[in-house]
Amino acid sequence: MASNQNIHIIKAEQEDGYLKITWTTKGDSNDTLESSDRYPNVFLRDSCQCSQCFNASAKSRLLLMSDLDVDVTVNSLKVSDDGHTLDISWSDGHHSQFEAMWLKKRSFNPDEIAKREIYYGEKKQLWNKKFQDEIPKFSFPEVLNDKKTRLEWLTMLDRYGLTLLQDVPCDDKQLHRLINKIAYMRLTNYGSLFSVVNNPNPNNLAYTGATLGYHMDLPFYEYSPQVQFLQCVKQTSCEGGANLFSDAFYTATYMRDNHPDEYKLLSTTPVDYYDVGKDSYDFHLAYRRPIICVDKADEIKAIYFNQQVRAYILNLPLEIIQPLYKAMKLFYTLLDENSVKHKMKPGEMVVFDNIRVKHARTGYEMKEGGGRHLEGAYMDWDEVHSHMRVLKEHVMGDVYYSHSDQ
């Protein structure tokens, strides 16, 4: 985005409910480009940044919807001599002033709208088994202490859904150190932190040496944790104990293109999940939803798959059960065929997208040298994306929709 000094309004005129603004901008090669944008009157009136309409400290709109005239018109317009500001007098008697940069950043031009999409998160880059040697790796101390590195790490996490942090001190304080740099941990029925160690009386299969199939954690929550952290404090020296990861968005996309009937079944049929036991408190959690969750445009938003805690009940018509099992088996097979494998070493931490990347574990035996200890925690994407926007303001000095630019 060009600086405010490189954007000049040269003309503003009314066009039947719209305001057309013509401006000049300096291009990358320092040449002057002329373009125009149209803004609905009601949008500009609703977006007035004066102290009567906008609280600068709270960064919130004071103007109530009940007081907004949706058919408001312009009485007069005035462009400043330097072309940096536009003054508008409205038919409701109000007066607004906007800076050129503020207006340009909120253009309704399709190219500008596309640029702003990153405000809500990175475009997902899907991957398969070829990702084995491409997993993004970062230094844990640098992520902690350098904001630019932390932004790069979170950007890769958002884009690929899987990252590896190295040089992590081998104690149970490091997850707190990292997550507290971002926001706070997600509290669940297993507490804020959980220790993945072998337990003779486990309340979760993770606390055994059993092989775990590809799954997401905690699908029995209506709002499941979205980002997962697993820190290796101690790894078994025996065979097994390795983690496998698979991009379920890649698998779901492949099924949509190559197995549409099975894809439709998994994206429309609700499956039941449950968890019953005691940890931080007595719990009996249950929820049902399709395995592949999509929006109205059929864009894949989340994958809820966990064979181990799928309930022993299916509230579905009898005739759909066999096709559903076949679709789930195909989905699982494709996950496995496109997975990457990594046996974590002490001092490593994997951070991944719980609602996108499914993880598994090879089984291991509890014998001499078979001890294994991981520390785990969760966060939600809302908090991660929030921190990424804060970092972008620090590192890049500019974030779309920020109200600090006027």
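- Applying the side chain to side chain contact (heavy atoms under 4.5 Å, CB included) rule to N258 yields the partners Y254; only residues at least two apart in sequence or on another chain are considered.
- The environment of Q52 atom CD is sparse: at most 12 non-hydrogen atoms of other residues, nucleotides or ligands sit within 6.0 angstrom.
- Counting non-hydrogen atoms of other residues, nucleotides and ligands closer than 6.0 Å to CD of E222 gives a total of 12 or fewer.
- No salt bridge links K358 with D247; every basic N to acidic carboxylate O contact stays at or beyond 4.0 Å.
- Here OG1 of T333 is found 10.5 Å from OH of Y214. Values are rounded to the nearest 0.5 Å.
- Using the six-membered ring where Trp is involved, F352 and H359 have ring planes that are tilted, between 30° and 60° apart.
- With hydrogens and angles left out, the side-chain atoms of N306 and Y273 include no donor and acceptor closer than 3.5 Å.
- Annotation: the span from F305 atom CZ to I292 atom CD1 amounts to 10.0 Å, rounded to 0.5 Å.
- Under a cut-off of 6.0 angstrom, the local environment of NZ in K343 is crowded, with over 12 non-hydrogen atoms contributed by other residues, nucleotides or ligands.
- Within 6.0 Å of atom OH in Y18, 12 or fewer heavy atoms from other residues, nucleotides or ligands are found, so the atom counts as exposed in its surroundings.
- The backbone N or O of I182 lies less than 3.5 Å from no partner atom in the side chain of R150, so there is not a single donor-acceptor pair.
- With no hydrogens or angles considered, no side-chain donor-acceptor pair links T188 and Y378 at under 3.5 Å.
- Contact of the L178 side chain with the M349 side chain is registered, since non-hydrogen atoms from C-beta on lie closer than 4.5 Å.
- Within a 6.0 Å radius of NZ in K137, more than 12 heavy atoms belonging to other residues, nucleotides or ligands are found.
- S195 places no side-chain N or O within 3.5 Å of a backbone atom of V197 that could act as its donor or acceptor partner.
- Side-chain atoms of E348 do not come within 3.5 Å of backbone N or O of V168 as any donor-acceptor pair.
- Other residues, nucleotides and ligands place more than 12 heavy atoms under 6.0 Å from the CG atom of D295.
- When ring centroids are compared, F131 and F245 stay outside the 6.0 Å threshold.
- K124 NZ: more than 12 foreign heavy atoms inside a 6.0 Å radius.
- No hydrogens or angles considered: nothing links the side chains of T85 and E99 as a donor-acceptor pair under 3.5 Å.
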side-chain contact (heavy atoms from CB on, under 4.5 Å) between Y287 and Y223, worked out: CA-CA 10 Å; Y287 200 70; Y223 185 66; over 6 Å; no
